[in-house]
A.B. asks: 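Once you've had a glance at the structure underneath, I'll fire off some questions.
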Amino acid sequence: MTDPGDLLADIVDDIDALFLFSPSGSYYDRAASIEDLDVVVVAPENTVGAETFVELPLEFDQIADRIRFGVEGALDQDLVEEGDVIAATAGLFADGTDMVARVRVGTAGHTGLYDLFTDSRAEPGVIRDVFGVAIELGRKGQKGKPVGALFVVGDAGKVMNKSRPLSYNPFEKSHVHVGDPIVNVMLKEFSRLDGAFVISDSGKIVSAYRYLEPSAEGVEIPKGLGARHMAAGAITRDTSAVAIVLSESDGMVRAFKSGELMLELDPEEY
Amino acid sequence: MVEWLRSLTTQFQYISAALVLVVGLVIGYLVGRINDRILRSAGIPEAVEGTSLERTARKFGTDTVSIIAQGSAWIIYIVSILYALEVAELVQTGLVLAQAWTLLPSYIVAVLIVMVGLLAGDKAELLVSEYLRGVKLPEVSVIATTVRYTVVFVAILLALAQIGIAVGVLLILLAAYLFAMVLFSAVALHQLLTSAAAGLYLLLNQPYGIGDRVAVADQQGVVQEVDVFVTRIEDDGSEYVIPNHLVFRRGVVIERE
């Protein structure tokens with residue numbers, strides 16, 4: 001005679017830490033009252049007042065990305081060690097908690113997803129804002145038609161020296177930052193321009209209309225992606241910038257760092 | 001006949017006194033209610049949320065808005081009671097009333113000033129500590145407390161001056177304190193202020209922009225960022241943070257290839 005709880009007990013057997021993804025207050029309190037177990041909360045905001053907390057910059061649509069980000073964040077804060085076994089509870093289909101997964105820290109490989117946000121030259125908030133703009137642009141398009149866009153974030157001085165203007169820079173002598181409310185509309189209009197947007201570490205939009213000229217030698221990006229992605233991959237290998245690309249053909253938002261594809265998001269999921 | 005008339009006048013006195021009292025109570029109640037409404041629709045409850053005056057009021061089962069509204073009602077009640085006594089000629093309140101007329105407004109204003117001062121001080125402290133929350137230094141809360149007591153001190157000073165108490169000494173104290181603050185910040189913030197003034201010029205006119213190769217104050221490299229206070233220049237992986245007042249004092253060389 002077994003009941004489902006016994007089967008599930010294997011998943012949480014001998015775990016070193018329990019990761020709660022966006023838990024409700026009462027759920028967290030119940031988890032925190034378990035003795036001899038580290039509880040780590042991963043959420044966009046620390047609403048439950050947890051001691052150990054990893055901030056989630058985006059609600060990743062892929063649950064695996066979300067867990068990977070949380071685990072890498074906890075590893076970075078020394079909350080867990082390589083080889084630890086953790087259980088993660090999250091909401092897969094509903095907003096509440098409806099799933100649990102068992103993860104061994106380190107086996108998933110260090111994908112650098114956490115570093116993409118926290119260890120880049122640009123401030124985490126700026127990268128998050130650019131993601132927001134790209135997702136918004138991907139969902140709405142320009143006048144209902146899909147558009148592509150390429151944002152190069154951080155290390156703007158070097159990026160500017162590795163690119164040239166295709167036309168007059170509409171952002172010359174302006175002081176527009178990506179977090180500003182007007183930016184969504186503005187970038188939607190400017191997205192019909194060819195070339196890349198260059199954004200500085202602090203989020204200032206330095207230029208539009210830039211033609212990137214990095215050396216693309218030896219840059220490996222998944223086959224089937226176009227010139228825009230190749231340019232994005234190459235510029236991030238040559239500089240310490242992060243590139244965020246909205247694909248015109250399949251509408252996906254992809255992030256590159258150090259010449260590698262780090263993250264793939266579907267704007268329709270947000 | 002005379003007897004009857006006298007009793008009529010006495011009765012008339014009492015009736016009119018009662019009338020005055022009733023009218024006064026009704027007006028007081030209405031003014032209290034209207035003030036309550038006005039303050040609430042002006043968003044005062046949200047504005048005073050979390051201040052210590054509000055918290056103290058809550059402890060006694062009321063709130064700031066009702067205290068002010070009730071206060072205005074009670075002033076009218078007291079005045080009408082005094083006036084009713086005067087009309088009924090029970091007590092010689094004429095003198096009291098005359099004095100009340102001259103003193104009451106300034107006392108009311110004084111009390112209001114103190115209340116507003118307490119609220120503003122609390123609010124200022126909240127705002128400053130909210131702003132400084134990013135700075136994870138416990139001692140930084142001293143600044144918020146200083147701001148609060150400065151506001152409260154000024155309010156008390158104003159209130160005392162309002163009711164005609166000599167505040168000369170306190171005024172000198174305030175002046176000395178303010179002078180010390182201004183002198184202190186002028187000395188401490190001198191570099192920041194000159195940098196900010198230079199930074200404004202740099203941001204407005206942009207003699208150099210992000211991506212330009214420049215040489216400033218013995219350092220050369222590619223401009224990465226220009227903000228109000230500093231210019232960040234990077235060369236071969238080292239990033240120099242140069243205060244903008246140096247850009248002005250030493251000048252800048254823009255290298256064109």
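Every chain is numbered from 1, with letters handed out A, B, ... down the list of sequences.
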A.B. asks: Just how far is it from atom CG of A:Asp201 to atom CD1 of B:Ile210, taken to the nearest 0.5 Å?
C.D. replies: 8.5 Å
A.B. asks: Say whether, by atom type as modelled, one donor and one acceptor occur between the side chain of B:Glu225 and the main chain of A:Ser200 under 3.5 angstrom.
C.D. replies: no
A.B. asks: Rounded to the nearest 0.5 Å, how far apart are CG of B:Leu203 and NZ of A:Lys204?
C.D. replies: 8.0 Å
A.B. asks: Determine whether more than 12 heavy atoms belonging to other residues, nucleotides or ligands lie under 6.0 Å from atom CD of A:Glu81.
C.D. replies: no
A.B. asks: Going by distance alone, is a donor N or O of one side chain under 3.5 Å from an acceptor N or O of the other, for B:Gln224 and A:Asp155?
C.D. replies: yes
A.B. asks: With a cut-off of 6.0 Å (strictly less than), are more than 12 heavy atoms of other residues, nucleotides or ligands near OH of B:Tyr177?
C.D. replies: yes
A.B. asks: Which bit of A:Asn161 comes within less than 4.5 Å of chain B, counting heavy atoms only: side chain, backbone, both or neither?
C.D. replies: side chain
A.B. asks: Would one find more than 12 heavy atoms of other residues, nucleotides or ligands at under 6.0 Å from atom NE2 of A:His175?
C.D. replies: yes
A.B. asks: Looking at A:Asp194, I'd like to know if its CG atom is crowded, meaning that more than 12 non-hydrogen atoms belonging to other residues, nucleotides or ligands lie closer than 6.0 Å.
C.D. replies: no
A.B. asks: Measure from the side-chain N and O atoms of A:Lys173 to the backbone N and O of B:Asn205, and report whether any donor-acceptor pair falls under 3.5 Å.
C.D. replies: yes
A.B. asks: To the nearest 0.5 angstrom, please state how far the CZ atom of B:Arg232 sits from the OG atom of A:Ser202.
C.D. replies: 8.5 Å
